[in-house]
4 protein chains.
Amino acid sequence: MTQVNAKLAKLNRVERNAWTKQNIFEAATKVVGKHGYAEASVARITEQAGVAQGTFYNHFENRQELLDQLLPKIGLDMVEFIRARTGTADAARQEISRFSAFFDFIREVPEFLRILNEAEFFAPIGYQKHLDNISVAYVRILRRARAAGAIHDYSDEEFEAIVHMLMGARGYLSRRYSYSADGVTAVPEHVISAYRKLMTRGLFNASGDQDTP
Amino acid sequence: MTQVNAKLAKLNRVERNAWTKQNIFEAATKVVGKHGYAEASVARITEQAGVAQGTFYNHFENRQELLDQLLPKIGLDMVEFIRARTGTADAARQEISRFSAFFDFIREVPEFLRILNEAEFFAPIGYQKHLDNISVAYVRILRRARAAGAIHDYSDEEFEAIVHMLMGARGYLSRRYSYSADGVTAVPEHVISAYRKLMTRGLFNASGDQDTP
Amino acid sequence: MTQVNAKLAKLNRVERNAWTKQNIFEAATKVVGKHGYAEASVARITEQAGVAQGTFYNHFENRQELLDQLLPKIGLDMVEFIRARTGTADAARQEISRFSAFFDFIREVPEFLRILNEAEFFAPIGYQKHLDNISVAYVRILRRARAAGAIHDYSDEEFEAIVHMLMGARGYLSRRYSYSADGVTAVPEHVISAYRKLMTRGLFNASGDQDTP
Amino acid sequence: MTQVNAKLAKLNRVERNAWTKQNIFEAATKVVGKHGYAEASVARITEQAGVAQGTFYNHFENRQELLDQLLPKIGLDMVEFIRARTGTADAARQEISRFSAFFDFIREVPEFLRILNEAEFFAPIGYQKHLDNISVAYVRILRRARAAGAIHDYSDEEFEAIVHMLMGARGYLSRRYSYSADGVTAVPEHVISAYRKLMTRGLFNASGDQDTP
DNA sequence: CATGAATGAGACTTCATTCAT
DNA sequence: AATGAATGAAGTCTCATTCAT
């Protein structure tokens, strides 16, 4: 057996291990996305993954540990997704884009909605991690907009509160307008226009508000 | 046994029946408020109420039925509480009052926060009922403000979206700023000022915004 | 329904409850006696008792609590059994009687052997309770013998050590000579004579030693 | 590859093999001594040894086989330790020395106590082997004492019973007086004096009893 | 011979609900 | 209507052992 083969064999072993973990992870994403955290028993997850229950505990300390990893991981995908769609327009239009892109992401990754919404109660550690990830980045964006003159008269503390309002609003709206029996539908146009008006008039210096040219 | 006695006995029985149900109801409020829906087992609720487990099922079809009644009932108390504190100032200032009063209410009735926040996942039917109660009333308020000239340029559909944003924002903020180890604390001033700015500039015709007199 | 009937009905309920608990208790005695504590799973015990697993937890906090009650309870039966067989001879002969009666009891209640011997590791709380029960009573007996002039030259502390030796010796011997494939057999005569010699010469004033008249 | 190299390599392999087995063995001794047989999972033992779980099964048929080897091996160390400390005094004094040396040994090798005491239930085969080792040797000692005139009036069968009593007494006393939160402490003087009195008066011809010179 | 992931049986415990009294 | 013991399904997790690499 050559060194290459030995290396390959070793790699294969490590890879196989990683594959199994990823496999369980994806199974959990599907199960939680479809049935919610409460119904995501280890039995259900491992069945979906096609492995034995005991295998689960070779890769995760316990059920909760996995659940707490779900949201932060997908949350980063979301951040990347939104960033890629934000463009280089003025700050207000960018914010509308982010708002829209959020709902696009929900349709792209339908599991995300439940994973996000239920996390607060079923995966509080993961939820907090996600919250920090998002709000820090969001406040930074608002600060830049303020530095660029696109926002007046908001303090850093107020930014933080605003960000929480925006996140809360999105969550609520997503539950209200995007859920459906099975599957996620697009958010209606009037939701976006309402958001645009509230933001461009309330937060930004009105440049993105089509209705007040 | 006279007819009077019979009637009295019957009345007593009915009263006692109602009292027991109310007793269980209040016990559930305490338990859910303190430990959350997930920990609100029938055993725990009946123990808190001082009745046997079996008694529970003489008054409620099943555990879920009770849980789903919790939020709508307290929700109405909240509506009344906020209405009483709203005053007769202009529409924008009234909205700020409502926002403030909401946070006052959760300090008045500390159980409300958990009952509200967790309801979406643990008592979805009750949650929906509450949602309808609130949003219908809220949209009506906004329509009146619009009719009175305090709001321009928002359609009815957009109102509905706005209301959901406001409710989402409140929920989020309440979880972020009002929870604490044991007990509920006041929401910081900068949260209220941020809300005021966003609302007076974004939704109303700016009259309530102290910063733009 | 007369008061008597009502009382009977109520008693029946209480009695039935006590019966179930006793039922589980006896099932546990059988299972532990036959297969040992380690194999005495709740499933096995409840199956033996003919009740559902859940029923177990209506009567015992957890598995360990029951296991820890086993030995002390049977231990008291043993004390009574031995006391009834001790007679009124001189102190040395009484001690030989107790030694003999212990082995008689083992044959009377074959489960006792495992319940006693394994308790130290599988039911340490119950074991300690039993230990205290026994050693306190035993030391008292030795003190009386000393007061009556049947024992010389042993201090209270030494009595305690002696008692532990006696108990240890019995345990060891019982395991060695009384166990058998399935069932408990009589202890051979030479074990008793060895014990008699050791005791009458070593502890007592030799009156009970047939070989030195 | 030269023959020398081949031989070296082979030797190394054998040595390495022996070393690994010894390594696992010592790890098991530590684990059982500290946490008891019940907690001595293969995972824990191999972790302590710094080898993979699978490696275990290259050296032992199964978990039980290893556990059953533990006591007999250390038991022989004990025999040697006691023999070295027994001296050449008269038979009764020698017996007291052995009794004392036993307690010295459990302080020297603190793991021994648990390995010995729990073995009866968790490693019955090893326990039996140990029992045979000890009792055969002990009976031989007593026979010699009898031949030398230090013991009268005990038959061989009675010797066997006596030995079991002595061993049982030691086990019991060691558990009672030598265990402590963490570590093993010396046995109190009054335990030794009680033993001396019982033995010198009950078994031997009283020469070792200081109190009856 | 070493590795360590995979297996799956089985353990304890919880809990909503039923039902005879 | 009140009681509370009985039920049994379901959940999480452990662990000795196997086997492909």
Side-chain angles (χ1 to χ4, degrees), chain A residues 1 5-6 8-14 16-21 38-46 50-64, chain B residues 13-14 16-17 20-21 38-47 51-64, chain C residues 1 5-6 8-14 16-21 38-46 50-64, chain D residues 13-14 16-17 20-21 39-47 50-64:
Chain A
M1 192 182 284
N5 277 353
L8 247 176
K10 199 179 180 184
L11 264 183
N12 277 343
R13 192 163 186 168
V14 170
R16 191 186 177 109
N17 188 18
W19 179 84
T20 301
K21 181 165 186 173
E39 305 295 315
S41 65
V42 173
R44 208 164 191 171
I45 293 170
T46 52
V51 299
Q53 283 201 47
T55 303
F56 184 95
Y57 293 91
N58 289 331
H59 297 276
F60 300 94
E61 199 65 38
N62 50 43
R63 175 178 174 267
Q64 198 58 48
Chain B
R13 186 178 285 177
V14 170
R16 190 190 177 101
N17 191 6
T20 301
K21 181 164 186 173
E39 305 294 315
S41 63
V42 173
R44 204 165 191 169
I45 292 169
T46 51
E47 189 197 27
V51 300
Q53 282 199 53
T55 304
F56 185 95
Y57 292 89
N58 290 329
H59 298 277
F60 301 93
E61 197 63 37
N62 52 41
R63 175 177 174 267
Q64 199 58 48
Chain C
M1 193 180 283
N5 277 352
L8 247 177
K10 200 180 179 184
L11 262 185
N12 277 343
R13 193 164 186 167
V14 169
R16 191 187 177 107
N17 187 18
W19 179 85
T20 301
K21 182 165 185 173
E39 305 296 315
S41 64
V42 174
R44 209 165 191 169
I45 292 170
T46 52
V51 300
Q53 284 201 45
T55 303
F56 184 95
Y57 293 91
N58 288 331
H59 297 276
F60 300 94
E61 200 66 38
N62 51 43
R63 174 178 174 270
Q64 197 59 47
Chain D
R13 186 177 284 177
V14 169
R16 190 188 177 102
N17 190 4
T20 301
K21 182 164 185 174
E39 305 293 314
S41 63
V42 173
R44 204 164 191 170
I45 292 170
T46 51
E47 190 196 28
V51 301
Q53 282 198 54
T55 303
F56 185 96
Y57 292 89
N58 289 327
H59 298 277
F60 301 94
E61 198 62 38
N62 51 42
R63 175 177 173 268
Q64 198 58 49

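Quick note on labels: first sequence line is chain A, next is B, and so on, each numbered from 1. Because the structure is predicted, anything quoted here is derived from the model rather than measured. In what follows, every heavy atom counts, from backbone to side chain, and hydrogens, waters and symmetry copies are set aside.
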- Residues from residues 53-62 of chain D lying under 4.0 Å of DNA chain E - heavy atoms: D:Q53, D:G54, D:T55, D:N58, D:H59
- B:F56 and B:T46 have their tightest heavy-atom pair at CB-CG2, 3.8 Å
- Query: What is the minimum heavy-atom distance between A:Y57 and A:V42, and which atoms define it?
  - Reply: OH-CG2, 3.6 Å
- Nearest of F:dT7, E:dC12, F:dA2 to any side-chain atom of C:A52? F:dT7
- DNA chain F: stems of at least 3 consecutive Watson-Crick or G-U pairs, cut-off 3.5 Å? E:2-21 with F:2-21
- Task: Give the minimum heavy-atom separation between B:R44 and B:E39, together with the two atoms involved.
- Result: CD-O, 3.3 Å
- Are D:S41 and F:dT14 close enough that a side-chain N or O sits under 4.0 Å from OP1 or OP2? no
- Task: Can you figure out which of E:dA16, F:dA1, E:dC1 approaches the side chain of D:N17 most closely?
- Result: E:dC1
- Note on the structure: Looking only at heavy atoms, the pair that brings B:A38 and B:R63 closest together is O-NH2, 4.3 Å
- Closest-nucleotide ordering on DNA chain F, the 5'-leading residue of A:E39 and B:V51: B:V51
- Query: Rounded to whole angstrom units, what separation is found between the CZ atom of A:R16 and the C1' atom of F:dC19?
  - Reply: 11 Å
- Message: Nearest 0.5 angstrom please: B:E47 CD to B:S41 OG, how far?
- Response: 8.5 Å
- Residue pair B:T55 / B:H59: nearest heavy atoms and the distance that separates them: O-CD2, 3.3 Å
- Between atom CD in D:Q64 and atom P in F:dC15, what is the gap in whole Å? 15 Å
- When rounded to whole Å, the CZ to C1' distance for the pair D:R44 and F:dT17 reads 19 Å
- Taking atom C1' of E:dT14 as reference, at what distance in whole Å does atom CZ of C:R63 sit? 18 Å
